[in-house]
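Everything below concerns the one structure shown next.
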2 protein chains.
Amino acid sequence: MAEVEAFPVSATDKAVTHLRRLLGSGRLRPGERLKEQELSTEIGVSRTPLREALKLLAQEGLIEVLPNRGARVPLVSESEIDDLFPVMGALEGLAGTRAAAKATDADIDDVRALHYQMAAAWRRRDRATYHRLNREIHDHLLRLADSPTLTRLHGALDARVAGIRFEAEMDGALWDRAMGEHEDMLKALEARNGPALGAVLQRHLETKRETVLAALQEGFAGAGDGQRPV
Amino acid sequence: MAEVEAFPVSATDKAVTHLRRLLGSGRLRPGERLKEQELSTEIGVSRTPLREALKLLAQEGLIEVLPNRGARVPLVSESEIDDLFPVMGALEGLAGTRAAAKATDADIDDVRALHYQMAAAWRRRDRATYHRLNREIHDHLLRLADSPTLTRLHGALDARVAGIRFEAEMDGALWDRAMGEHEDMLKALEARNGPALGAVLQRHLETKRETVLAALQEGFAGAGDGQRPV
DNA sequence: GTTTTCAGAATTGCATGCAATAATCGCCAG
DNA sequence: CTGGCGATTATTGCATGCAATTCTGAAAAC
């Protein structure tokens, strides 16, 4: 067995990872104040690396730090969604264009397999499986685009909406529309038509934007299910 | 006069600003090691906020920090340029599309004024003025796009190539091509043709990519003129 | 009953100290 | 003279302490 590069995870990385999980899982809710003392003891690092982690996540927009007033989980507003999604659309559009150009036959086979599994989940209205496979397909396409910068930026933006539990709220019409767009994606990818794939992805983002906005208006603002009426 | 919100600049902000200037001005050269002690005394803050600043800039890709080995100014490689520019192209394309849709007549007048000043600078081969106005025009368009996320991401990517002194190397043919694209930009903006403006900006980025690559191959790698053969 | 005030507590921002890791340089073998 | 090795030095990573700021809440004023 090859010796694994014994890679000392820094306390800052540990804090970043831990905080990401807290934010993504909804343990920290929008508007909530993040106290350094509290978090540092929970995570098991001192305040210095924790503060570094907070600043890093703030730069990504996942939290916001106010001078002398500590960090908060930002409330996600409609205007932020409207700001965010066009940019994600542009990035995914580029990803699609590149992915179609670079995909090997094997890559396309992989995506096709995921696609048909997802279509099956959609037909039986299995939300959880659908969303898992959906994510896998999008990750796959992004990976095919083969651009670290693209992956990094997209990930940063995606993390901001990850807290919104829009999946649960996805209504039938929007879900069908999304599924239809996925059909078009597969066709464009099979035809290795980059511009078409890019265009579909941009349309798809618009559908996602509407889904997220609907969820937001239903009161699923931000991470967690804390605001759920039951 | 309204009382200005007296806002205390944090030591971290001070360090970030200072480091940005050092990197942008070429005082710190690619490959150079950044020592915390040295920098902190020069900037006048202690190591803690300096370290926060380093991590923030590292997240933007302006520097890289290796575990236990400190921070370095990364060498800019061709592959990084090839990675970066398509993404910037997608962002500027979006900016153009939005800018054309949102611009008021007054906005267009402003851009037109800048454009004709720049054209004059181009005709008399006044590089410095041309590049200043060029930057102003691009900033203006980005501002018209009216998207904080777009501005932020574009700024982060732009900072990475800002250190490369590609302006000095811009050869005649590429310069003329860039100027022609600016003509098209103005036309598209005047016609409020968003897609057209977006497309021009993407083409323009490709021209810039070639310019930067040429400069890189001439040995102007990264910030500063240290590698210049004289 | 509502608002203002102000002392005490809590919290953040930053500097410094100490342990752990990496770089450096002189020394010795070949 | 060159290349490898070990002690010394330099540097990073992190924890902690202290000053400055903000928050809290209870009493006083209206």
Side-chain angles (χ1 to χ4, degrees), chain A residues 3-23 27-75, chain B residues 3-23 27-75:
Chain A
E3 175 122 9
V4 175
E5 186 67 32
F7 199 139
V9 166
S10 75
T12 303
D13 290 347
K14 192 177 164 187
V16 167
T17 305
H18 203 117
L19 284 171
R20 259 191 228 285
R21 197 164 50 231
L22 286 179
L23 290 163
R27 282 261 318 274
L28 295 171
R29 301 222 307 271
E32 188 167 345
R33 175 130 175 228
L34 305 176
K35 289 179 201 161
E36 296 180 359
Q37 192 77 283
E38 210 171 275
L39 285 172
S40 66
T41 55
E42 175 176 343
I43 297 177
V45 301
S46 80
R47 281 180 55 223
T48 304
L50 176 77
R51 283 173 56 80
E52 288 179 0
L54 289 175
K55 294 238 157 138
L56 289 175
L57 294 176
Q59 185 162 299
E60 281 184 25
L62 249 81
I63 59 179
E64 55 190 10
V65 292
L66 303 96
N68 287 314
R69 300 226 242 141
R72 301 187 91 85
V73 184
L75 296 159
Chain B
E3 174 123 8
V4 175
E5 186 68 30
F7 99 62
V9 167
S10 75
T12 303
D13 290 346
K14 192 176 164 190
V16 167
T17 306
H18 202 117
L19 284 170
R20 258 191 228 285
R21 198 163 49 230
L22 286 179
L23 290 163
R27 283 264 315 275
L28 294 172
R29 302 224 307 272
E32 189 168 344
R33 175 125 175 234
L34 304 175
K35 289 178 202 160
E36 295 179 359
Q37 191 79 285
E38 212 171 273
L39 285 172
S40 67
T41 54
E42 175 176 341
I43 296 176
V45 300
S46 82
R47 281 180 55 222
T48 303
L50 177 77
R51 282 172 58 79
E52 288 178 0
L54 289 174
K55 295 236 157 140
L56 289 175
L57 294 177
Q59 184 161 294
E60 281 184 24
L62 250 83
I63 59 180
E64 55 190 10
V65 292
L66 303 96
N68 288 314
R69 299 226 237 142
R72 301 186 90 85
V73 183
L75 296 159

Write down the distance between [atom1] ([X]) and [atom2] ([N]), rounded to a whole number of angstrom.
| X | N | atom1 | atom2 | value |
| --- | --- | --- | --- | --- |
| B/Gln37 | D/dA10 | CD | P | 11 Å |
| B/Glu32 | D/dT11 | CD | P | 13 Å |
| A/Arg33 | C/dA10 | CZ | P | 13 Å |
| B/Leu34 | D/dA10 | CG | C1' | 16 Å |
| B/Lys14 | C/dC14 | NZ | P | 10 Å |
| B/Leu50 | D/dC14 | CG | C1' | 15 Å |
| B/Lys35 | D/dT12 | NZ | P | 8 Å |
| B/Arg51 | D/dT11 | CZ | C1' | 10 Å |

Atom pair CD/CD of B/Glu60 and A/Gln59 - distance to nearest 0.5 Å: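 CD of A/Gln59 is found 5.0 Å from CD of B/Glu60.
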
B/Gly31 backbone acceptor or donor facing B/Arg72 side chain under 3.5 Å: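 Confirmed, B/Arg72 side chain pairs with B/Gly31 backbone.
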
With nearest nucleotides of DNA chain D determined for A/Ser10 and A/Arg47 from heavy-atom distances, which residue corresponds to the more 5′ nucleotide?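 The residue mapped nearer the 5' terminus is A/Ser10.
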
A/Asn68 or B/Glu36: which one's nearest nucleotide on DNA chain D is closer to the 5' end?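 The answer here is B/Glu36.
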
In a check of side-chain contact (heavy atoms from CB on, under 4.5 Å) between B/Leu28 and each of B/Val73, B/Leu62, B/Ile63, which one passes?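 It is B/Val73; the other options fail the test.
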
For D/dC14, take OP1 and OP2 only and decide whether either is under 4.0 Å from a side-chain N or O of A/Thr48.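 Looking at the OP1 and OP2 atoms of D/dC14, neither is under 4.0 Å from any side-chain N or O of A/Thr48.
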
Heavy-atom pair with the smallest gap, counting every atom of A/Ala15 and A/Ala53: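 Shortest heavy-atom contact: CB-CB, 3.6 Å.
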
